[in-house]
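Report on the structure given below.
When a ligand or atom number is given, it counts from 1 through the structure's own listing order.
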Amino acid sequence: MEQVLRLVLFILYTLCCMIDGDHFRGGIISWRPLNNTVTGTSTQILLHQRYFWYRLWGSFPAPLCFESDILIQRPINVSGATLLCLRNCTSSNYPTSGLSANMITSDCDTSSIIQSWGGERYDTLTMPLTTSITIGYTGSAWMTTLWKGFSGAWAIVNRMNLAPRPDGYINSSPVTTTLPCILYQRGVPVVHIVQMADNDGTDILQCRWSNSNSTYNYNRNDECGSVCMALPPPYTLTGSNCTLTFTLTVANKYYACALQIEDYYDSSSPNPMSSVPIQFLFYAYNITAGACATAPLIIGVRPNRACIGVPIGVQLNETVQVQTYCPGQTIVNFVTSSPVGMTHSAISNPSSGLWVMTLTWTPSSTQLGPQGFCAGAMDNSSLQSAPWCITYLVGYDSPNLIRPTLVQGSASPIGTVFSNQSLFSIQATNAVGRPSRNGTNICFHLDTTNASVLCYDAGYSPNVIYTGYTIVIVTTITWTPGQSYYVTMDNGFASGSVFCHAESLAITDKTFWRFDIWNPALSSTTTTTTTPPTTHTVTSLGTTTTSINTACTTSGIVVTSTNASTTTTTASTTPPTTAAPTTAGPTTTGVTTESTIPVFYPLDFENACKQPVAIMSAVLMVAFMPIHTLAMYAAFTKFTNMFKPSNIAAKARHQQRMKNILRR
Ligand SMILES: *[C@@H]1O[C@H](CO)[C@@H](O)[C@H](O)[C@H]1NC(C)=O
Ligand SMILES: *[C@@H]1O[C@H](CO)[C@@H](O)[C@H](O)[C@H]1NC(C)=O
Ligand SMILES: *[C@@H]1O[C@H](CO)[C@@H](O)[C@H](O)[C@H]1NC(C)=O
Ligand SMILES: *[C@@H]1O[C@H](CO)[C@@H](O)[C@H](O)[C@H]1NC(C)=O
Ligand SMILES: *[C@@H]1O[C@H](CO)[C@@H](O)[C@H](O)[C@H]1NC(C)=O
Ligand SMILES: *[C@@H]1O[C@H](CO)[C@@H](O)[C@H](O)[C@H]1NC(C)=O
Ligand SMILES: *[C@@H]1O[C@H](CO)[C@@H](O)[C@H](O)[C@H]1NC(C)=O
Ligand SMILES: *[C@@H]1O[C@H](CO)[C@@H](O)[C@H](O)[C@H]1NC(C)=O
Ligand SMILES: *[C@@H]1O[C@H](CO)[C@@H](O)[C@H](O)[C@H]1NC(C)=O
Ligand SMILES: *[C@@H]1O[C@H](CO)[C@@H](O)[C@H](O)[C@H]1NC(C)=O
Ligand SMILES: *[C@@H]1O[C@H](CO)[C@@H](O)[C@H](O)[C@H]1NC(C)=O
Ligand SMILES: *[C@@H]1O[C@H](CO)[C@@H](O)[C@H](O)[C@H]1NC(C)=O
C-alpha cells in the first residue's frame with residue numbers, strides 16, 4: 001500500500017515537473033515606492049515582474065501564444081509560479097504565501113529561433129519601512145538547448161530594503177530592460193551593453209554576475225541556479241557601465257546571462273541599497289553564405305530612446321521602420337519587449353530596403369506612468385539590429401510648441417528685429433525641460449537658400465534655456481540686415497519636465513516661426529516697400545518691461561501696418577544685460593501663463609540654476625512616477641545615443657514630420 005502511494009506520489013511529482021517543463025528563459029524584478037517621501041512607518045511599493053518563457057513548452061494545457069493572446073491579455077498560467085520571500089522575512093509583512101508570478105501575455109515571438117513568450121505584471125504592496133528582505137522566484141527548469149545550465153533549476157532574486165536612505169527618502173531599485181534573446185555570430189568577439197538606470201539620479205550603479213554563494217552575496221541566497229556565469233570563458237564584465245565582452249563558441253545554442261544590478265548611495269557605501277536581477281539569452285548562429293555584411297537598422301519613425309507622452313484610453317499607432325542594406329535581405333521577425341496590450345502588425349515592405357511594423361496600443365489607466373517598448377529586427381540570415389527602445393509616458397501630454405502670432409504671440413521675436421537680436425523665446429503647451437538625449441537641434445535658416453546659419457543642440461547647449469512653459473534661446477551671431485530667417489526644431493526640442501521628458505514634435509515648416517532683420521539702409525520716414533523681408537512699420541522702439549503692450553510685436557518694434565516699412569523714430573532698444581531687463585511673457589491660447597523671464601546669459605544661467613533646476617526636476621520626477629519604473633527608461637539616461645540617422649532615416653522621419661505638421 002505504502003509502495004503504491006509512493007509510486008503515485010512519484011508519478012505526480014514527475015507530472016508536476018513536466019508541467020513546469022523546461023521553459024524558463026529569464027526575467028527582471030524591480031520595484032519602487034509610489035511616493036518616496038517618508039510618511040509614517042509604512043509605504044506603498046509597486047513591484048514589477050517580467051519573465052520570458054518558452055513558447056512551445058510541451059505539456060502545458062494550452063501552450064503556444066499568438067499575437068491574438070496579447071489583445072485578449074491572456075494570463076500565462078504556470079503552476080506554482082510564486083514570488084516568495086526568501087531571507088530575513090520577519091522584518092516585513094510580505095505575504096508568507098508569496099505573490100503570484102503569473103504574467104499577462106505581452107509578447108509572442110513565433111520565429112523559429114526565438115520562440116519566446118513574454119509577459120509582465122505589477123503588484124502594489126503596503127509594507128513597513130523595516131522591510132529588508134530577499135524575494136525571489138525559483139523553480140525548474142531552464143530550457144534544454146542552453147550551452148551551460150540546460151534543464152537546470154532557475155533562481156531569480158531581488159533585494160528589497162525600505163529603510164530610509166541617508167538623504168531621508170525611500171529608495172527605488174535600479175531599472176533595466178532587455179530583449180528576451182539577442183543574436184550574435186558564433187566565434188566573433190562581442191561587446192554587449194546591458195542598460196541600467198535609476199530613478200534616484202545620484203545613485204552609483206554597479207552590475208555584477210549573479211552567484212550562488214548564499215553566505216557571501218548581498219541577497220544571502222542562490223541568485224542564479226544553474227546559469228551562474230554561464231557564458232563561455234574568457235569573458236569580462238565591467239560593472240560600472242555593465243558592459244560584457246565574450247565570444248560565443250557553439251552555433252545554434254543559447255547562452256544564459258544572469259546579472260544583478262545594484263545601487264550604492266555613494267562611492268564610499270559598503271553595501272548596495274537594492275539588487276535587481278536581469279536574466280536573458282544570447283543565441284549564436286553561423287553566418288550563412290551570402291549573408292549581408294550589414295545588420296538591419298531600425299531608423300524610426302521615432303528616434304531611439306525617445307520618450308512620448310500618450311493619453312489614457314486613446315489608441316496609439318506607432319510604426320517601427322527598418323532599413324536593410326542588401327538585395328534579398330528580408331526582415332523576417334521582430335523581437336520585442338512590450339507593455340501589456342500593445343499589438344504588433346505583420347511586417348510589410350512598402351519599398352525596397354524599407355520594412356515596417358505597426359504597433360497599436362490603447363493605454364489603460366492602470367498603466368499610468370512610464371511604459372517601455374524595445375524591438376530588435378532580424379533578417380533572413382539571423383542578423384539582428386541593435387535594440388531600439390522608446391518610453392511611453394502614459395497619462396501625460398507631450399508639450400507642443402505654440403505657433404507664433406504677430407502681436408504678443410507665443411514666440412519672440414517675430415516681425416522685424418535688429419541685426420544684433422540675441423534673445424529668442426517660444427512657448428509650449430506644457431511645462432518644458434531639457435531633452436534627455438542629444439540630437440535635438442534648433443536651427444535658424446536663411447529664407448532665401450534654406451541654409452542653416454546657426455544650430456544649437458538642446459540636449460546640452462547652454463544657449464538653450466528652459467524655464468516654465470518657455471524656452472529661451474540666446475544667440476551669438478549678427479544677423480544679416482535685410483534678410484529673412486526661419487526657425488526649425490527637431491523632435492524633442494521641447495520636452496516635458498517630468499520623468500523621461502516626453503517630447504514635442506518637430507517643426508520643419510518654414511512659416512512656423514520667422515523674423516526679418518531690419519535694414520537701416522532702407523529706413524526713412526517715408527514708406528519703402530521692400531519685398532523680402534516682409535517688414536513692418538516701425539514707429540517706436542523699446543523693450544516692454546512689465547506690462548504687455550498689445551501694440552508691440554514680440555520684438556518690441558511696434559506694428560502699425562503689416563506690409564510697409566516705415567521708420568518714424570530712431571531706434572533705441574535696450575539690449576539684454578546680465579542684470580537683466582524682464583521680458584513680459586507672451587500670453588498663449590489655452591494656457592494663460594504670463595511668465596516673466598529673467599534674462600541671463602547662458603553661462604550665468606547655467607551656473608546659477610543648474611543646482612535648483614536639477615533638484616526640482618528630480619522632485620517632480622519622483623512625484624510623477626506613480627508607476628512602473630521605467631523599464632526602458634533605463635538606459636536612456638545613461639547611455640550614449642546610439643542612434644545614427646542615415647539618409648533614409650532622415651528622409652523617412654522628414655516625411656513623418658511633414659505628415660504631422662499637415663495634420664495640425
Ligand atoms: C489561467 O488561470 C486563470 C485563473 O486561475 C484562469 O481564469 C484562466 O482561464 C487561466 N488561463 C489559461 C490560459 O489557462
Ligand atoms: C533583517 O532585517 C532587520 C530589520 O529590518 C535588519 O536590521 C537586518 O539588517 C536584516 N538582516 C539582513 C541580513 O538583511
Ligand atoms: C562563499 O563565500 C565565502 C566568503 O567569500 C567563502 O568563504 C566560501 O568558500 C564561499 N563558498 C563557496 C561554496 O564558494
Ligand atoms: C566601460 O568601462 C570600461 C572601463 O572603464 C571602458 O574600458 C569601456 O570602454 C566602457 N564601455 C562602454 C561601452 O562605455
Ligand atoms: C558553425 O561553423 C563552425 C566553423 O565553421 C563549424 O565547426 C560548426 O559545425 C558550425 N555549426 C553549425 C551548427 O553549423
Ligand atoms: C490610430 O488608428 C485608429 C484606427 O485607424 C484611429 O481610430 C485612431 O484615431 C488612430 N490614433 C491616432 C492617435 O491617430
Ligand atoms: C536572404 O538574404 C540574402 C542577402 O542578405 C539573400 O541573398 C537571400 O536570397 C535571402 N534568402 C531568402 C530565402 O530570402
Ligand atoms: C527651401 O525649402 C522649401 C520647402 O522645403 C522648398 O520649396 C524650396 O525650394 C527650398 N529652397 C531652396 C532654395 O532650396
Ligand atoms: C498687405 O498685404 C496683403 C496680402 O499680401 C494685401 O492684401 C494688402 O493689400 C497689403 N496691405 C498694404 C497696406 O499694402
Ligand atoms: C542693437 O542695434 C541697435 C540698432 O542698431 C542699437 O541701438 C543697439 O545699441 C544695439 N545693441 C547692442 C547690444 O549692440
Ligand atoms: C508624497 O507624500 C508627501 C507627504 O505626504 C506629499 O506631500 C506629496 O504630495 C506626495 N506626492 C505624491 C506624488 O503623491
Ligand atoms: C551630448 O553631447 C555633449 C557634447 O558633445 C556631451 O558632452 C554629452 O555627454 C552628450 N550627452 C549625451 C546624453 O549623449
Side-chain angles (χ1 to χ4, degrees), residues 87 134 153 155 157 176-178 182 184 189-198 201-202 204-230 234-246 257-262 264 267 270-272 275 302-307 386-391 433-443 455-466 490-493 495 499-501 503 602-603 606 610 613-614 617 621 632-645:
R87 297 290 169 212
T134 296
V157 303
T176 182
T177 185
T178 182
I182 296 138
Y184 286 116
V190 168
V191 177
H192 183 85
I193 302 171
V194 176
Q195 304 186 330
M196 55 181 190
D198 198 296
T202 57
I204 294 173
L205 297 183
Q206 289 283 334
C207 79
R208 62 171 175 85
W209 295 104
S210 302
N211 69 69
S212 54
N213 188 336
S214 59
T215 59
Y216 153 77
N217 70 38
Y218 176 59
N219 285 298
R220 295 281 178 270
N221 198 79
D222 179 357
E223 295 170 336
C224 37
S226 65
V227 299
C228 301
M229 297 193 233
Y235 45 73
T236 65
L237 172 63
T238 306
S240 57
N241 54 18
C242 213
T243 302
L244 286 158
T245 63
F246 56 88
C257 180
L259 303 173
Q260 302 290 135
I261 296 174
E262 302 183 329
Y264 291 80
S267 53
N271 287 316
S275 182
R302 306 280 190 183
N304 191 17
R305 304 191 310 143
C307 171
W388 174 85
C389 299
I390 41 185
T391 303
R434 194 176 284 285
S436 53
R437 58 188 179 85
N438 283 352
T440 48
N441 290 302
I442 179 168
C443 289
C455 285
Y456 293 115
D457 188 334
Y460 62 90
S461 173
N463 293 60
V464 183
I465 298 160
Y466 292 86
D490 287 344
N491 267 318
F493 171 69
S495 294
F499 198 62
C500 65
H501 308 288
E503 299 183 350
L603 277 177
E606 259 213 332
K610 215 172 202 167
V613 163
S617 54
M621 185 163 116
M632 327 246 147
Y633 163 60
F636 315 154
T637 49
K638 298 221 165 173
F639 284 89
T640 51
N641 183 352
M642 292 187 295
F643 179 70
K644 290 200 193 76

Item to check | Point-to-point distance, once rounded to the nearest 0.5 Å, from CG of Asp457 to CD1 of Ile442 | outcome: 11.5 Å

Next on the checklist: Give the residues near ligand 3 by chain and number, with the criterion being a heavy-atom distance under 4.0 Å.
Outcome noted: Asn213, Thr215, Tyr216

Checklist entry - What are the atoms of ligand 4, with element, lying closer than 4.0 Å to any heavy atom of Ile193? => result 13 (C)

Checklist entry - Does the Asn219 side chain pair with the main chain of Asn221, one donor and one acceptor, at a distance under 3.5 Å? => result no

Next on the checklist: So, regarding Asn438 and ligand 12 (criterion: nitrogen or oxygen to nitrogen or oxygen, under 3.5 Å), is there a contact or not?
Outcome noted: yes

Next on the checklist: Pair Phe493, Asn441 - check side-chain contact (heavy atoms from CB on, under 4.5 Å), show working.
Outcome noted: CA-CA 7 Å; Phe493 171 69; Asn441 290 302; over 6 Å; no

Checklist entry - What pairs meet the salt bridge (Lys or Arg N to Asp or Glu O under 4.0 Å) rule with one or both residues in residues 205-214, with sequence neighbours excluded? => result Arg208-Glu223, Arg208-Glu262

Item to check | Nitrogen or oxygen of Asn241 less than 3.5 angstrom from that of ligand 4 | outcome: yes

Item to check | For Cys207 against Met196, the heavy-atom pair lying closest together | outcome: CB-SD, 4.2 Å

Item to check | Any side-chain heavy-atom pair of Leu244 and Val194 under 4.5 Å | outcome: yes

Item to check | Ligand-side contact atoms (ligand 4) for residue partner Thr238, heavy atom cut-off under 4.0 Å | outcome: 1 (C), 2 (O), 3 (C), 4 (C)

Checklist outcome for this item: In this structure, OG of Ser275 is separated from CD1 of Ile261 (nearest 0.5 Å) by 9.0 Å

Checklist entry - Is a donor on one side and an acceptor on the other found under 3.5 Å between the side chain of Arg220 and the backbone of Arg87? => result no

